[in-house]
Amino acid sequence: MRILVVEDERRLAEVLKDGLEQEGFAVDLAGDGREGLWLSAENPYDVIVLDVMLPRLNGYAVCERLRADGIWTPILMLTAKDGVHDEAEALDTGADDFLSKPFSYTVLLARLRALVRRGLRERPAVIAVGDLRVDPAGLRCSRGDTAIALTPKEFAILHCLARRAGEVVTKSELLSHAWDFAYDGDSNIVEVYVSALRRKIDKPFGRASLVTVRGAGYRLEA
């Protein structure tokens with residue numbers, strides 16, 4: 001397993017390198033964000049340990065650029081102690097997990113193993129389906145350059161469909177994504193919200209991207 005550690009605290013970086021190498025990992029070090037970005041793009045790492053506070057380019061920017069370039073190597077981001085906003089921004093920019101400093105080496109190792117098992121998969125911060133953009137972190141939606149105002153429930157349904165663009169999503173799956181476990185109302189409420197979505201994301205733009213698959217569910221197409 002090959003790991004990249006992007007950390008400007010030299011002593012911490014060396015300790016991590018020594019410990020991970022004893023566990024059988026091959027470890028590369030980068031001391032700033034630009035070096036980390038370059039190494040990440042040039043080498044096939046199994047996982048990246050990325051500090052938030054880095055010289056030249058911070059961890060958020062590194063993560064965001066890697067995801068924008070289609071590099072989906074799992075990223076464990078190191079955040080400040082009790083940095084709730086750091087943790088939220090880490091996930092919003094495309095990190096897979098975070099760990100607050102100071103941290104337990106045992107926990108770090110367990111998190112890394114979990115990320116390696118999970119492997120590579122696309123997790124874009126903004127989901128694109130054709131010219132339709134869905135931004136889960138900002139709760140924003142747009143078609144081309146035109147912003148589209150959605151209610152929270154409309155956005156939740158669109159988000160579920162966008163994450164599985166091209167696939168059929170059943171009505172029950174949409175219900176479980178957008179409504180809580182205690183909801184026991186009419187499942188036809190989904191049809192109401194799908195119709196409202198069509199009036200907002202398709203009709204004004206002359207599109208028909210939200211398709212009903214009879215007897216099965218709905219599909220969002222590019």
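- For Asp145, the CG atom sits in a loose shell: 12 or fewer heavy atoms of surrounding residues, nucleotides or ligands are nearer than 6.0 Å.
- Qualifying salt bridge (charged side-chain N to carboxylate O under 4.0 Å, His left out) partners for Asp28, counting only residues two or more places apart in sequence or in other chains: Arg2.
- Shown here are the side-chain contact (heavy atoms from CB on, under 4.5 Å) partners of Thr170, two or more places apart in sequence or in another chain: Ser172, Glu173.
- Taking the salt bridge (charged side-chain N to carboxylate O under 4.0 Å, His left out) definition, one finds that Lys203 meets it with nothing, sequence neighbours left out.
- Applying the side-chain contact (heavy atoms from CB on, under 4.5 Å) test to Ser104 and every residue at least two apart in sequence or in another chain returns Thr106, Val107.
- For the side-chain hydrogen bond (donor to acceptor under 3.5 Å, both in side chains) condition, the pairs that include at least one residue of residues 213-222, sequence neighbours left out, are Arg219-Glu221.
- We find that Arg198 and Glu154 are not joined by a salt bridge, their nearest charged nitrogen and carboxylate oxygen being 4.0 Å or further apart.
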### Query
Should Arg67 and Thr73 be marked as a side chain to side chain donor-acceptor pair (under 3.5 Å) after you check the CA-CA gap, both sets of side-chain angles, and the distance that decides it?
CA-CA 9 Å; Arg67 298 315 190 214; Thr73 306; 5.6 Å; no
Validation: residues 31-38 side-chain donor-acceptor distances under 3.5 Å, sequence neighbours left out:
| residue | atom | partner | partner atom | Å |
| --- | --- | --- | --- | --- |
| Asp32 | OD1 | Arg34 | N | 3.0 |
| Asp32 | OD1 | Glu35 | N | 2.8 |
| Glu35 | OE1 | Gly31 | N | 3.0 |

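- Scored by the side-chain contact (heavy atoms from CB on, under 4.5 Å) test, Ala61 finds Leu57, Asn58 as partners (sequence neighbours excluded).
- Other members of the hydrophobic cluster containing Val168, listed by chain and number, are Val213; membership follows side-chain contacts under 4.5 Å among ILVMFWY residues, whether direct or relayed.
- Taking Tyr193 as the reference, nothing meets the side-chain hydrogen bond (donor to acceptor under 3.5 Å, both in side chains) condition, with sequence neighbours excluded.
- By the side-chain hydrogen bond (donor to acceptor under 3.5 Å, both in side chains) test, Arg113 pairs with no residue at all, sequence neighbours left out.
- A salt bridge links Glu7 and Lys101; the closest N-O separation between the charged side-chain nitrogens and carboxylate oxygens is under 4.0 Å.
- Residues passing the salt bridge (charged side-chain N to carboxylate O under 4.0 Å, His left out) test with Arg10, sequence neighbours excluded: Glu14.
- Under the salt bridge (charged side-chain N to carboxylate O under 4.0 Å, His left out) criterion, Arg111 pairs with Asp97, sequence neighbours left out.
- The pair Arg140-Asp135 counts as a salt bridge, with a side-chain nitrogen and a carboxylate oxygen less than 4.0 angstrom apart.
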